[in-house]
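Within every chain, numbering begins at 1; the chains are lettered A, B, ... in the order of the sequence lines, protein sequences first and strands thereafter.
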Amino acid sequence: MAKTLSITTWNINSVRLRIDQVLRFLAEDQPDVLCLQETKCPDPVFPTGAFANAGYGHQAFIGMKGYNGVAILSREPIRPLGAREMCAKPDARHIAVEIGEGASAIQIHNFYVPAGGDIADPEANPKFAHKLAFVEELRQFSEGQRKAVPRSVLVGDLNIAPLEHDVWSHKQLLDVVSHTPVETDAMKAAIAEGEWCDAFRVLTPEPQKLYSWWSYRSPDWAAADKGRRLDHIWLGRGLKDQLVSGAIRKETRGWERPSDHVPITLTLERD
DNA sequence: ATGGTGGTTAGACCA
């Protein structure tokens, strides 16, 4: 068995439109497991063959027409654990698998948290209310995982930048959905409840800036560098001592017709 | 500064 396990998470913003970019990334980086969000792809037309040809023949995915959708692609066998209906909605925002055998098995949970709309007021904006309810459900889920499955990894586009240095300007974004105190507090509560290790922040502590997303609306995204860290990989209490390294593939944001998110990869020591 | 850009899909809806 391999001595390490590498897991990538990437909001691809249409897996069919960007299949060539995903395949390029897989060829270059060869993570063991790739978790995607916003596949925007119904299951019957998911590009299973393209991933299998690239060496990722073990697949779990759930999608819908036009919106949302998550997938887990693996180079080695996985056991599907199914998809949760978060907030009682069948909207394809979670899927999970188990990888590895016996006592060394690891659960991987891939989430796509609602973006939350533009107005940071749950009374005025149902999308923001949905986001807050989703993160509260994530907190409850975290409690269960902490107790029952300490060897868990939670990844995804969580659409919240929890820390001051997870955004280009803390003060200018305090009223902007993704960095409001009610969201960042809710996310911190979920992390605490699960005793999750925020892996990229252990590897690169504040005050160093970390971003995984740059808006399409920024005319010169690289020069302006007004990013946010919306994508995350959390390690359960049974895995936090196995953290090896992390990588943020910022250069993919400069590819032709890119996703607005970039892939982030965490490597774990394996036992 | 209340725009700006992009994907899905054919007029909005979502990010």
Side-chain angles (χ1 to χ4, degrees), chain A residues 9-25 35-47 50 61-71 85-87 89-95 110-122 124-135 138 155-162 166-169 171-180 183-184 187 211-232 250-264:
Chain A
T9 179
W10 194 3
N11 177 320
I12 195 60
N13 188 15
S14 177
V15 70
R16 285 178 290 174
L17 185 68
R18 272 180 260 285
I19 186 65
D20 290 344
Q21 296 191 34
V22 185
L23 296 178
R24 174 179 171 184
F25 168 77
C35 300
L36 298 174
Q37 304 86 35
E38 277 206 275
T39 54
K40 297 185 174 178
C41 183
D43 292 347
V45 288
F46 190 86
F61 49 83
I62 184 164
M64 57 191 286
K65 189 176 177 182
Y67 307 106
N68 309 331
V70 286
E85 288 195 353
M86 299 293 287
C87 301
K89 296 176 193 288
D91 57 357
R93 293 181 179 274
H94 167 266
I95 195 160
N110 179 14
F111 283 97
Y112 175 47
V113 173
D118 290 329
I119 301 163
D121 177 358
N125 174 10
K127 293 183 201 170
F128 195 70
H130 179 209
K131 183 178 196 177
L132 295 180
F134 194 108
V135 177
L138 202 60
V155 315
D157 174 7
L158 306 185
N159 267 318
I160 295 172
D166 291 338
V167 294
W168 64 276
S169 170
K171 285 184 180 172
Q172 286 179 252
L173 286 168
L174 274 171
D175 296 328
V176 175
V177 170
S178 74
H179 195 61
T180 65
E183 293 170 85
T184 58
M187 174 169 274
Y211 309 140
S212 65
W213 173 89
W214 291 262
S215 172
Y216 283 129
R217 296 175 186 173
S218 182
D220 194 348
W221 71 274
D225 200 24
K226 293 182 174 179
R228 304 177 203 170
R229 186 171 73 110
L230 303 181
D231 303 275
H232 301 275
K250 182 177 179 178
E251 61 273 27
T252 65
R253 186 63 179 77
W255 288 358
E256 194 175 346
R257 291 192 88 186
S259 170
D260 46 354
H261 295 253
V262 303
I264 67 171

Looking at the side chain of A:Arg18, which of B:dT8, B:dG6, B:dG4 is the nearest nucleotide?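 Between B:dT8, B:dG6, B:dG4, the one nearest the side chain of A:Arg18 would be B:dG6.
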
Euclidean distance for C1', B:dG4 against B:dA15 (whole angstrom):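 Comparing C1' positions in B:dG4 and B:dA15 gives a spacing of 14 Å.
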
Could you work out the separation of B:dC13 and B:dT2 based on their P atoms and round it to a whole Å? 23 Å

[N] OP1/OP2 closer than 4.0 Å to side-chain N/O of [X]:
| X | N | result |
| --- | --- | --- |
| A:Arg93 | B:dA15 | yes |
| A:Arg257 | B:dG7 | yes |
| A:Lys65 | B:dT8 | no |

Those residues that, when tested against [X], pass side chain to side chain donor-acceptor pair (under 3.5 Å) (two or more places apart):
| X | value |
| --- | --- |
| A:Ser178 | A:Arg228 |
| A:Arg253 | none |
| A:Asn13 | A:Lys40, A:Tyr216 |

Any stems for DNA chain B, made of 3 or more Watson-Crick or G-U pairs in a row, each with both distances under 3.5 Å?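 The stems are B:5-8 with B:12-15.
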
Who are the ring-ring contact (aromatic ring centres under 6.0 Å, His included) partners of A:Phe111, not counting sequence neighbours?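 ring-ring contact (aromatic ring centres under 6.0 Å, His included) list for A:Phe111, sorted by chain: A:His94, A:Phe141.
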
Those residues at least two apart in sequence (or on a different chain) that pass salt bridge (charged side-chain N to carboxylate O under 4.0 Å, His left out) with A:Arg93 are A:Asp91

